[in-house]
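Take a look at the structure below.
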Number of protein chains: 2
Amino acid sequence: MLQGMQAAFVLYPSVTALDIVGPFQVLSSLPDVECVFVAERAGPVVDDTGALTMRAEAGLADVDAPDLVVVPGSSGAPLPTATDPLVEWLRAVHPSTSWTTSVCSGSLFLGAAGILDGLPATSHWGVLELLRSFGAEPTSERVVFASDRIVTAAGVSSGIDMALALVERAWDRQTAEAVQLLIEYDPQPTVDAGSPAKASDDTMQQATVLLTRKIEIGARHAS
Amino acid sequence: MLQGMQAAFVLYPSVTALDIVGPFQVLSSLPDVECVFVAERAGPVVDDTGALTMRAEAGLADVDAPDLVVVPGSSGAPLPTATDPLVEWLRAVHPSTSWTTSVCSGSLFLGAAGILDGLPATSHWGVLELLRSFGAEPTSERVVFASDRIVTAAGVSSGIDMALALVERAWDRQTAEAVQLLIEYDPQPTVDAGSPAKASDDTMQQATVLLTRKIEIGARHAS
């Protein structure tokens, strides 16, 4: 039970918006969860399309003991290094969190902070194997609980599933159901190619073209 | 085929973030779609939790011929009236759009603009019946194509399904699959209560408590 908790939703230049808004929509539905958007410095942060600006209400230095952290991914942001301010912040706050989590390529930041050393973790399929060079064991699952408090999710939309799973564990099953109903998360996509295992070669090829384009555009918004 | 199109993503005070970010993440994945966040006036717009500020890059007056419009819902915003600036804008731009769409209680705005008169439409389950007083025929489905260019989606997360269905119709099936793969939309919620038909009475009761709370909080951010 995490009532009274502070949940920190991380932003950085060229963030993928749904990565962070998905878990935020789930967790902000609960009473007594204080949600704060945080970036290196408080202020506007542009997403990886360049079209959406979200505002960080707090700088990293202002949020030094979050109970839950969600790190989103990006198309086009540089690979994280151990000395990135966000990575250093993750290393500092992780020991006292109840949950340290990521969506999409956000898991690379956790890896760069040493949080995933030797642990199973997931990421967007486009960067999954990269996790190995960040110390983790790439695991092709939608949500991976690496420990009782380290959780990584696969690409973009998977953060919704991850956040509901967190609610189920930290609160209870019926609360997760109630939040699912509140956000009417009863998925009925008319197509069924949402993971590499389900996609045809042609679909994978087209998705790779779209991803390459997104990374090129994202790189322009990454600083 | 809508290449070269302009897609307008509407913001207003106390918007529900995932309502608009879901379709945005889908549609911004496509080449040659210009995405613009628009509000009554350009500038920051606070969501219905009070925790997330998104910026409208354009005012309504700056976007006078969008090809696609997405109107999100809200917890706590006042019911729309025929003379609301957003409703008047919808009435003005709708005749020349390729698609006029809504997510969640966004359909009430389409209704207030007279766009849904006599047509089937959906919304969040909490306000579905209200659609009747806005001229529409409430239809309890996740995505409702009322015509070849008027589309409404159910609560919050349903906008992702709607946007993928739009891509399938306006582009083709494989493009919808490629976008689905790009955002790794292979839903695997660990709970299965995402619609009133699937939820127990206890879950529905708890969701209603959460919804009531959200509306109270949203109302504080609605002006």
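From a predicted model like this one, the values you see are computed outputs, not experimental measurements. To find a chain, count down the sequence lines: A is the first, B the second, and so on, and within it residues start at 1.
Under the 3.5 Å distance criterion, the side-chain polar atoms of Arg213(B) are matched with a main-chain donor or acceptor of Leu30(A). A donor-acceptor pair is defined here as one N or O able to donate and one able to accept, closer than 3.5 Å; no such pair exists between the side chain of His124(A) and the backbone of Ile183(B).
Between Ser28(A) and Thr49(B), the shortest heavy-atom contact is OG-CG2, 3.6 Å. Minimum interatomic distance between Ala51(B) and Cys35(A) (heavy atoms only, all atoms of both residues): CB-O, 3.6 Å. Closest of all the heavy-atom pairs between Glu177(A) and Ala193(B) is CB-CB, 3.7 Å. The minimum heavy-atom distance linking Ala207(B) with Ala178(A) is given by the pair CB-O, 3.6 Å.
More than 12 heavy atoms of other residues, nucleotides or ligands shown are found within 6.0 angstrom of CZ on Arg132(A). The local environment of CD in Glu129(A) is crowded, with over 12 non-hydrogen atoms from other residues, nucleotides or ligands closer than 6.0 Å. In Arg41(A), the CZ atom is not crowded: 12 or fewer heavy atoms of neighbouring residues, nucleotides or ligands sit closer than 6.0 Å.
No side-chain heavy atom of Ile160(B) sits less than 4.5 Å from a side-chain heavy atom of Tyr185(A). Contact annotation: the side chain of Phe24(B) never approaches that of Val21(A) to less than 4.5 Å [non-hydrogen atoms, C-beta and beyond]. Side-chain atoms of Leu18(A) and Val26(B), non-hydrogen and from C-beta on, never get closer than 4.5 Å to each other. Counting heavy atoms from C-beta outward, Leu181(A) and Pro196(B) have side chains that approach closer than 4.5 Å. With contacts defined as side-chain heavy-atom distances shorter than 4.5 Å, the pair Leu210(B)/Pro31(A) qualifies. Taking the side chain as every heavy atom from C-beta outward, Thr53(A) and Glu57(B) approach each other to under 4.5 Å.
Atom CD of residue Gln180(B) and atom CG of residue Asp192(A) lie 6.5 Å apart, to the nearest 0.5 angstrom. In this structure, Ile20(A) CD1 and Leu52(B) CG are separated by 10.0 Å, a value rounded to the nearest 0.5 Å.
Interface remark: of the candidates Gln188(B), Glu34(B), Met54(B), Gln188(B) forms the most heavy-atom pairs closer than 4.5 Å to chain A. In terms of non-hydrogen atom pairs under 4.5 Å with chain B, the most contact-rich of Lys198(A), Gln205(A), Lys214(A) is Lys198(A). The candidate from Pro187(A), Ser158(A), Pro44(A), Ala56(A) with the greatest count of non-hydrogen atom pairs under 4.5 Å with chain B is Pro187(A). The greatest number of non-hydrogen atom pairs below 4.5 Å with chain A, out of Thr208(B), Leu211(B), Asp202(B), is found for Asp202(B). Counting heavy-atom pairs closer than 4.5 Å to chain A, the top residue among Met162(B), Arg55(B), Gln174(B) is Gln174(B).
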Working note: Thr175(A) + Gln206(B), criterion side-chain hydrogen bond (donor to acceptor under 3.5 Å, both in side chains); need CA distance, chi angles, decisive distance, verdict. CA-CA 7 Å; Thr175(A) 300; Gln206(B) 189 176 353; 2.9 Å; yes
Please evaluate residues Glu184(B) and Val156(A) with respect to the criterion side-chain contact (heavy atoms from CB on, under 4.5 Å), reporting the C-alpha separation (whole Å), side-chain torsions for both, the decisive distance (0.1 Å), and the verdict. CA-CA 6 Å; Glu184(B) 213 158 342; Val156(A) 194; 5.6 Å; no
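Both the backbone and the side chain of Thr16(A) come within contact range of chain B, judged by heavy atoms closer than 4.5 Å. Both the backbone and the side chain of Ala17(B) come within contact range of chain A, with heavy atoms under 4.5 Å apart. With a threshold of 4.5 angstrom between heavy atoms, Val209(A) does not approach chain B through any atom at all. Neither the backbone nor the side chain of Ile217(B) comes within less than 4.5 Å of any heavy atom of chain A. Proximity to chain B (any heavy atom under 4.5 Å) is shown, for Ala154(A), by both the backbone and the side chain. With a threshold of 4.5 angstrom between heavy atoms, Val45(B) does not approach chain A through any atom at all.
The pair Asp186(B)-Arg142(A) fails the salt-bridge criterion, with no side-chain N (NZ, NE, NH1 or NH2) lying under 4.0 Å from an Asp/Glu carboxylate O.
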